[in-house]
Amino acid sequence: MDIFKFGGASVKDAAGVKNLANIVHDYKKGNLLIVISAMGKITNRLEDLTYAYLSKNDEAHAVFEEIKHFHFSIIDELFQGQHHPVYDDVANTFVEIEWLIEDEPDHNADYIYDQIVSIGEIVSTKIVAAWLNETGNKTLWADARNYIQTDNTYKEGKVDWVKTNQIIQKDLKPLLTDNIVVTQGFIGGTSENYTTTLGREGSDYSAAIFASCLDAAGLTIWKDVPGVLNADPKWFDETELIAQLSYHDAIELTYYGATVIHPKTIKPLQNKGIPLFVRSFIQPEGSGTAITKENNPLPVPSFIFKVNQALISIFPKDYSFIIEENLSNIFELFHTHKIKINTMLNSAISFSVSIDDHPVQIEKLINDLSEEFTVKYNKGLELVTIRYYNQQTIDRVSIDKDILLEVKSRHTCQMVMKNKSSSK
């Protein structure tokens with residue numbers, strides 16, 4: 001049994017859905033579960049709809065009409081205007097949003113977010129499943145909310161692994177005996193049958209959950225790149241494909257911000273020794289990247305860029321040492337404000353971190369920190385992480401830059417930098 005995961009870019013239009021069907025048709029190995037994201041950038045538009053509704057903005061209905069039109073246009077192109085049952089199926093799904101946005105907003109914004117944004121995955125999988133059946137691939141649609149069980153932490157649902165594994169083994173596995181099964185990424189369900197989401201870009205994680213619980217032979221993530229590259233092509237003119245990657249290095253790269261794989265994806269696969277393949281849906285004949293337990297070092301240095309960074313430096317007001325008690329209080333505040341630290345460095349009387357620049361959250365964090373500490377910060381920075389670095393690679397990325405913070409370990413170098421032209 002294998003798991004395929006297709007992201008939004010692979011099903012952004014009718015041509016993408018047809019290409020997916022061709023890839024599936026060429027798969028001859030046996031049982032197959034397909035995990036699919038929302039189409040194109042629809043998750044972003046559903047977020048816009050959510051925030052417009054919560055703020056009682058008149059734009060909510062216009063955004064909703066745009067979302068419906070986008071999906072029905074794809075259905076029209078696939079089925080050439082024939083009244084296929086998928087029209088009614090998708091229309092009935094959208095009714096769930098219509099009912100919700102007619103009411104006054106619930107006080108729990110995260111709950112509302114999950115109920116609305118999750119519809120993107122439901123609709124995309126209904127369309128893809130219908131097209132697979134239309135093209136001769138015997139397919140069943142399955143609702144991931146019935147299988148991936150979480151707590152009630154909306155927007156960041158925590159998986160109940162024991163319950164999830166039991167349900168998948170009992171109810172989902174038998175469906176795969178004679179069928180291709182299409183299900184959703186990103187979403188789960190609570191014991192009260194409410195929808196949760198697993199965090200932005202969480203479809204990779206969903207696929208890994210299914211792979212682990214089904215003891216799959218492998219998980220293939222289909223991307224618009226040939227595999228895992230040693231740098232993002234938007235930052236480097238020349239990149240190299242990494243043909244083989246260890247679980248360890250994959251976890252390190254995703255932790256530091258590599259976007260080709262969701263950070264939570266690797267652990268469930270590593271625990272079961274399930275290989276992960278990253279391949280191109282544009283060139284499906286390519287070999288891509290295999291991520292396995294083979295612990296070979298990367299053949300080339302890898303670069304990860306994170307822009308729009310803020311550097312926060314925290315000092316005790318009385319020049320006492322930064323000790324464990326201080327750090328405990330500091331980390332508690334970062335956790336309270338849901339701010340992820342991308343890199344950190346402490347000295348005797350300071351603690352500095354680089355974080356994504358979310359102005360509202362940062363302002364609240366600094367206000368709380370300032371009650372006990374002196375806080376300084378810089379914005380408009382970039383964080384560069386180099387895995388398997390050397391001085392040449394450091395020099396390559398730091399031309400015309402001022403390095404404000406540098407952290408090195410045996411294999412990894414991280415630098416927070418800004419352009420010299422913007423230095424003060």
Side-chain angles (χ1 to χ4, degrees), residues 1-27 29 31-44 46 70-71 74-75 77-78 86 90 117-135 137 139-144 147-148 176 179-187 197-198 200-211 214 216-228 259-262 264-265 269 274-286 288-289 291:
M1 182 185 302
D2 282 304
I3 314 294
F4 281 2
K5 184 267 174 175
F6 290 91
S10 66
V11 288
K12 65 182 180 180
D13 51 27
V17 175
K18 291 177 180 179
N19 183 59
L20 181 155
N22 291 335
I23 291 172
V24 171
H25 182 74
D26 291 339
Y27 174 80
K29 293 182 181 179
N31 302 337
L32 181 64
L33 175 72
I34 305 173
V35 178
I36 301 174
S37 302
M39 293 177 151
K41 299 294 185 180
I42 282 298
T43 298
N44 293 341
L46 285 165
F70 171 83
H71 289 94
I74 291 176
I75 296 172
E77 188 172 345
L78 288 171
V86 73
V90 168
V117 174
S118 59
I119 295 298
E121 273 67 20
I122 299 296
V123 172
S124 69
T125 52
K126 287 182 180 291
I127 294 171
V128 172
W131 182 250
L132 286 172
N133 277 312
E134 185 77 7
T135 52
N137 300 286
T139 304
L140 288 178
W141 181 87
D143 192 331
Y147 303 104
I148 295 182
L176 288 155
N179 305 281
I180 295 168
V181 174
V182 169
T183 193
Q184 305 79 39
F186 181 52
I187 67 174
T197 61
L198 307 181
R200 279 292 262 145
E201 311 297 337
S203 291
D204 289 356
Y205 182 41
S206 297
I209 294 168
F210 282 116
L214 289 166
L219 164 61
T220 301
I221 296 177
W222 296 91
K223 307 283 290 187
D224 57 0
V225 291
V228 177
T259 57
V260 71
I261 307 164
H262 189 276
K264 293 182 179 179
T265 305
L269 304 177
I274 299 170
L276 170 62
F277 305 97
V278 181
R279 296 175 63 188
S280 169
F281 62 78
I282 299 170
Q283 297 176 310
E285 68 280 0
T289 298
I291 300 172

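Since we're looking at a predicted model, the values are computed, not measured.
With contacts defined as side-chain heavy-atom distances shorter than 4.5 Å, the pair I122/I187 qualifies. With contacts defined as side-chain heavy-atom distances shorter than 4.5 Å, the pair R200/N44 qualifies. Two residues are said to be in side-chain contact when any heavy atoms from C-beta on lie closer than 4.5 Å; I127 and H71 meet this criterion. By the 4.5 Å heavy-atom criterion applied to side chains, T183 and D143 are not counted as neighbours. Proximity of S206 to K5: side-chain heavy atoms (C-beta onward) are nowhere separated by under 4.5 Å.
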Review point. Between L140 and V182, is a side chain to side chain contact (heavy atoms under 4.5 Å, CB included) present by the stated rule, with each step listed?
Key: CA-CA 6 Å; L140 288 178; V182 169; over 6 Å; no
Check your understanding: Are Q184 and W141 close enough, and set up right, to give a side chain to side chain contact (heavy atoms under 4.5 Å, CB included), and what steps lead you there?
Key -> CA-CA 9 Å; Q184 305 79 39; W141 181 87; 3.2 Å; yes
Review point. After noting the C-alpha distance and the side-chain angles of I34 and V181, does the key distance pass the side chain to side chain contact (heavy atoms under 4.5 Å, CB included) rule?
Key: CA-CA 6 Å; I34 305 173; V181 174; over 6 Å; no
Review point. Can L214 and L33 be said to form a side chain to side chain contact (heavy atoms under 4.5 Å, CB included), step by step?
Key: CA-CA 10 Å; L214 289 166; L33 175 72; 3.9 Å; yes
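Looking at residues two or more places apart in sequence or on another chain, you find a side-chain contact (heavy atoms from CB on, under 4.5 Å) between I209 and I148, V159, W161, T164, L198, Y205, C213. Contacts of D224 classified as side-chain hydrogen bond (donor to acceptor under 3.5 Å, both in side chains), with partners at least two apart in sequence or in another chain: none. For S124, the side-chain contact (heavy atoms from CB on, under 4.5 Å) criterion is met by I36, M39, not counting sequence neighbours. Not counting sequence neighbours, T43 has no partner by the side-chain hydrogen bond (donor to acceptor under 3.5 Å, both in side chains) test. Here K223 pairs with nothing under the salt bridge (Lys or Arg N to Asp or Glu O under 4.0 Å) rule; sequence neighbours left out. With sequence neighbours excluded, no residue satisfies side-chain contact (heavy atoms from CB on, under 4.5 Å) with N22. The ring pair (Phe, Tyr, Trp, His ring centres under 6.0 Å) check on H262 picks up nothing, with sequence neighbours excluded. In this structure F186 satisfies the ring pair (Phe, Tyr, Trp, His ring centres under 6.0 Å) test with no other residue, sequence neighbours excluded. Legend: residues meeting ring pair (Phe, Tyr, Trp, His ring centres under 6.0 Å) with W222, ordered by chain and number and at least two apart, are F4, F6. Remark: N137 engages V24, H25, L132, T135, T139, I180 in a side-chain contact (heavy atoms from CB on, under 4.5 Å) (not counting sequence neighbours).
Counting only distance, with no hydrogens or angles, the side chain of T265 and the backbone of I261 share no donor-acceptor pair below 3.5 Å. In this structure, N19 contributes its side chain and F281 its backbone to a donor-acceptor pair below 3.5 Å. Between the side chain of D2 and the main chain of G218, a donor-acceptor pair closer than 3.5 Å is present.
When all heavy atoms are compared, the tightest approach of S280 to P226 is CB-CA, 3.8 Å. Annotation for E121 and V117: closest pair OE1-O, 3.8 Å, computed over non-hydrogen atoms.
Here I3 contributes atom CD1 and L219 contributes atom CG; the two are 7.0 Å apart, rounded to the nearest 0.5 Å. T289 OG1 to F277 CZ: the interatomic distance, rounded to the nearest 0.5 Å, is 10.5 Å. The CG atom of L46 sits 8.0 Å away from atom CD1 of I119, with the distance rounded to the nearest 0.5 Å. For the atom pair CD1 (I42) and OG (S37), the distance works out to 12.5 Å, reported to the nearest 0.5 Å.
Screening residues 12-22 for salt bridge (Lys or Arg N to Asp or Glu O under 4.0 Å) gives no qualifying pairs among residues at least two apart or on separate chains. Listed by first then second residue, pairs satisfying salt bridge (Lys or Arg N to Asp or Glu O under 4.0 Å) with a partner in residues 275-284 number zero, not counting sequence neighbours.
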